[in-house]
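Take a look at the structure below.
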Amino acid sequence: MTLPDTPLLETIRGPADLRALGYEELEELSTEIRHLIVATVTRNGGHLGSNLGIVELTLALHRVFRSPHDAILFDTGHQAYPHKLLTGRRRQFATLRLPDGMSGYPSRAESEHDWIENSHASTALSYSHGLAAAFQAGGDDRQVVAVVGDGSLTGGMALEGLNNIGHSGADVTIVLNDNGRSYAPTISRLSESLIKLRTTNVYERGQGVARSIAESIPWVADLVSRGIDATEVAIRQMWEPPQIFEQFGIRYFGPFNGHDLPELERILKNVRAMSGPTVVHVITQKGRGYAPAENDPIKAMHDLSSIKEGSYTSAFADHLLALADRHPELVAITAAMPDSTGVLPFQNRYPDRVFDVGIAEQHAVAMATGMAMGGLRPVVAIYSTFLTRALDQINLDTALHGCPVIFCLDRAGITGDDGASHHGLLDMVLLSKIPGMTIFAPSSYEELPVMLDTAMEITSGPSAIRWPKTPPLRASIDEVGSGLSARRVREGSDVCLIGIGKMLETACEAADLLELEGISCSVWDPRVVKPLDPVMIADAAQHGLVVTVEDGLRAGGIGQAIRDQVDGAGSAKVVTIGLPTAHLPHGKIDEILARYRMDASGIVSAVKQHQHAAVL
C-alpha cells in the first residue's frame, strides 16, 4: 500500500487545530489517519489493530482536554500512533521504528505531549495518581487522563493504582478503552464482566450501537455464543464494571460507543467538569477500518509479523508440543501472548494445560511455583523484557523453594525496532544471581530442543532458556552439545574466544579473521552460562588471552563470572565484551551491535589491542 494523500492531516500542527474542524471533516481525518497507519506499519512494522481502534477516542481526548497542559497518558504506549499524528509529528511518521527515527511508543524526547515513555502495561494509573497529587500540591488547574485498556487492567499494578486513586479521591479521568484484547484475548474477571455487560438488556436498550460494535469483534461474538465456556476456569463469578469501580471509590460512566465522536466529546466534557476520580468506559473495535485487522483474531490485531519458520521460537513451539505429548504433567503459562511466544500450538492441542493469566507476570511466576509444588512441570513462556517485572517472585518464591519451573525467554538481548523498553539486556545479569538457577543460551536452532529436554530433567530448582529474536544458526548432529557441558567449537593456542548464545557465530567469524593474521584461536560455546563448565574454564585458563562476548549487559554479566573463575585457574587475561549499562535506542540489531564493537571486527580489534598491550 502506498502512502495516501493527507490534505487534512497536513494541516494539523497540534491538538488546537482540531477544534476548528466540523464532524464531517473529523470523519475524513479519521480515514486519513487509518490509511497512513496501515501504510506505515505495513512498511515498517509495528502495532496495527490497537491504533486503528483508538482514532476517534484520541480525537475526542485532544478536542476536550488541552495537551500538554493537561496530561494524557497511554497505557500501553503502543496505542499512541494517532496521538503522535495529532501532536505535530505527521512528517516524521514515515520514520516510525526506523534507526534514528520515531519511536513506536511515546517518547519524551520527541514531544512535550508525551508525558511517559511506557510500553510495559499496567503502569499509567500509578503515573496518573502521582501527577494528580503533584498538580494538586502545586495548585495547578490541570487535568490528568489515563487511557487504559488492551489488557492493562489484568495487571496487578493497575488494580493497586485503582485502589489508591479511589482511596485518595485523586482528580483523574480513567478512560477504559475496551477492545477486548491485550495481545491475545484478555483473560480476567473484569474483561469477562465487560462482555457480560455488553449483552445485558439494560445495555441493549441504552447502548445498542456500542453492542453491535462489541459483537463485531470476532472473539467476543464467539465467547458470547459459547456462553464464555472457554474461560470458565479463570472466572469464578461475574462482576459488573460499575460495582468494581465504585467499590474502589471511583465513579463509573458507560459503556459508550468509542467510534461515536460527538457522544465521546459530550461525556468527556461532562467528566472534565467534575472533580475526583472517574471511569469512562468506551467500546472500540480493534483494527477498525482495515478488514484484515478486523477479522484476524490474533496476528493482525498485534502487528504484521508472524513466527517465522526456522526461528528459535518455532523450535521451541515444536518441541514444547512434542514434550507435551510425552509428559502429561507438562503445562504452559503465558502472560497474554500465547501466539508470539510459541505456546499457541500447545494451547490448540491441549487447551486445559495452557494458562493465560493476562498481563500479570508476577502472578504467572508465583502460580507456576505453586504448580511445581503440586507435581506439575510448568513452562513460563515470556519475553525477556517482561520477565524482569517478576524478579522478586523468581528469587523468593520459585528459587527459595527449589521449584523446577522452566522459564523460556524469547527476545533476549538486542531486539531492534521496539527500542529501550523491549531490549532483553537484564536477564542474564539478574538470573545469574538467583541461587539454584540454571541458565541455558542456545547458539543454534538444534540446541534449543536439547536444552529443553535437559531442563525437564532438572528437578532441584528453576532453569531458564534465553534466545534472541534474530534467526538462528542451523547445526549438524555433531555440532550440538548435551547436558550441562560446554562445547569446544575449534582448538587454538593463542586466544580463547567464548561466544555466548547467538554471539558464538560472531566469535567464529572473528576467529577466522584472526587466523588470517596468524593468531590461533580456540572457540567455545558455553551452552550453559550458569553453572559454567569447569572443563571450559580450565581450557580457557591455558591461553594468554580470553575474550568473552555476550548479548547482554557487560557489568555483572556472564563474562565477568567467567573472568572470576579463570582468574582462579590460571594467569590468562580476560577481556569481557558486552553492552553498556544504558537504555539503548531502537535500531537494526546488527547495527546496534556494531555500534558497541560487538561484531567480528570489534572482537578482532579487542584481541589485537590487548595482545599489543601485553607485548609492551
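Keep in mind the model is a prediction, meaning the values are calculated, not measured. We're numbering straight along the sequence, starting at 1. Just the heavy atoms: all of them, side chains too, but no hydrogens, waters or symmetry mates, feed the values below.
A donor-acceptor contact shorter than 3.5 Å links the side chain of Glu447 to the backbone of Gly481. Using a distance-only test at 3.5 Å, with no hydrogens or angles considered, no donor-acceptor pair links the side chain of Asp539 to the main chain of Val535. Distance alone, capped at 3.5 Å, is enough to place a donor-acceptor pair between the Gln560 side chain and the Gly556 backbone. Formation of a donor-acceptor pair under 3.5 Å by the Lys530 side chain with backbone atoms of Met428 is not found in this model. No donor-acceptor distance shorter than 3.5 angstrom exists from the side chain of Asp427 to the backbone of Thr388, with no hydrogens or angles considered. Not a single donor-acceptor pair under 3.5 Å links the side chain of Glu550 to the backbone N or O of Met503. Looking only at distances, no side-chain donor or acceptor of Lys84 sits under 3.5 Å from a matching main-chain atom of Ala80. Judged by distance alone, with hydrogens and angles left aside, the side-chain atoms of Asn44 form no donor-acceptor pair with the main-chain N or O of Arg97 at under 3.5 Å. A donor-acceptor contact shorter than 3.5 Å is absent between the side chain of Asp397 and the backbone of Val365. With His423 contributing its side chain and Pro585 its backbone, the two residues share a donor-acceptor pair below 3.5 Å.
Using a 3.5 Å distance cut-off with no hydrogens or angles, the side chains of Ser522 and His543 do pair a donor with an acceptor. Side chains of Thr415 and His586: a donor-acceptor N/O pair is absent below 3.5 angstrom, by distance only.
Listed here is the closest heavy atom pair of Tyr105 and Gly77: CD2-C, 3.7 Å. In terms of heavy-atom proximity, Thr341 sits nearest to Asp410 at CA-OD2, 4.3 Å.
The side-chain heavy atoms of Trp115 and Ile72, taken from C-beta on, include no pair separated by under 4.5 Å. Looking only at side-chain heavy atoms (C-beta outward), His129 and Leu125 stay at 4.5 Å or farther from each other. You'll find the side chain of Ile465 reaches within 4.5 Å of the side chain of Pro442, heavy atoms only. Here the side chains of Glu446 and Arg474 are in contact, with some heavy-atom distance below 4.5 Å. Asp494 is not listed as a side-chain neighbour of Val607, based on a closest heavy-atom distance of 4.5 Å or more. Ile414 is listed as a side-chain neighbour of Leu579, based on a closest heavy-atom distance under 4.5 Å. Two residues are said to be in side-chain contact when any heavy atoms from C-beta on lie closer than 4.5 Å; Met536 and Asp525 fail this criterion. With a 4.5 Å cut-off on side-chain heavy atoms, Met371 and Ile333 count as touching.
Relative ring orientation between Phe386 and His422 is described as perpendicular, the plane-to-plane angle rising above 60° on a 0-90° scale split at 30° and 60°. Between His47 and Tyr81, the ring planes are perpendicular. Angles over 60° get that label, and only those under 30° would be called parallel.
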Check the pair Arg490 / Glu515 against side-chain contact (heavy atoms from CB on, under 4.5 Å), numbers first and verdict last.
CA-CA 12 Å; Arg490 63 195 293 173; Glu515 292 284 355; 3.4 Å; yes
Evaluate Ser605 against Arg597 for side chain to side chain donor-acceptor pair (under 3.5 Å), listing each step before the verdict.
CA-CA 9 Å; Ser605 296; Arg597 308 296 291 154; 3.0 Å; yes
Thr548/Thr576 under side chain to side chain donor-acceptor pair (under 3.5 Å): CA gap, chis, key distance, verdict
CA-CA 5 Å; Thr548 70; Thr576 60; 5.0 Å; no
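Using a 4.0 Å cut-off between a side-chain N of Lys or Arg and a carboxylate O of Asp or Glu, Lys588 and Asp417 qualify as a salt bridge. A salt bridge does not link Arg487 with Glu479: every distance from a Lys NZ or Arg NE/NH1/NH2 to an Asp or Glu carboxylate oxygen is 4.0 Å or more. Ion pairing between Arg89 and Asp114 holds under the 4.0 Å rule for side-chain N and carboxylate O. The pair Lys573-Asp567 fails the salt-bridge criterion, with no side-chain N (NZ, NE, NH1 or NH2) lying under 4.0 Å from an Asp/Glu carboxylate O.
Trp467 has its ring centre less than 6.0 Å from the ring centre of Phe316.
Open room surrounds CZ on Arg108; 12 or fewer heavy atoms of other groups in view lie less than 6.0 Å from it.
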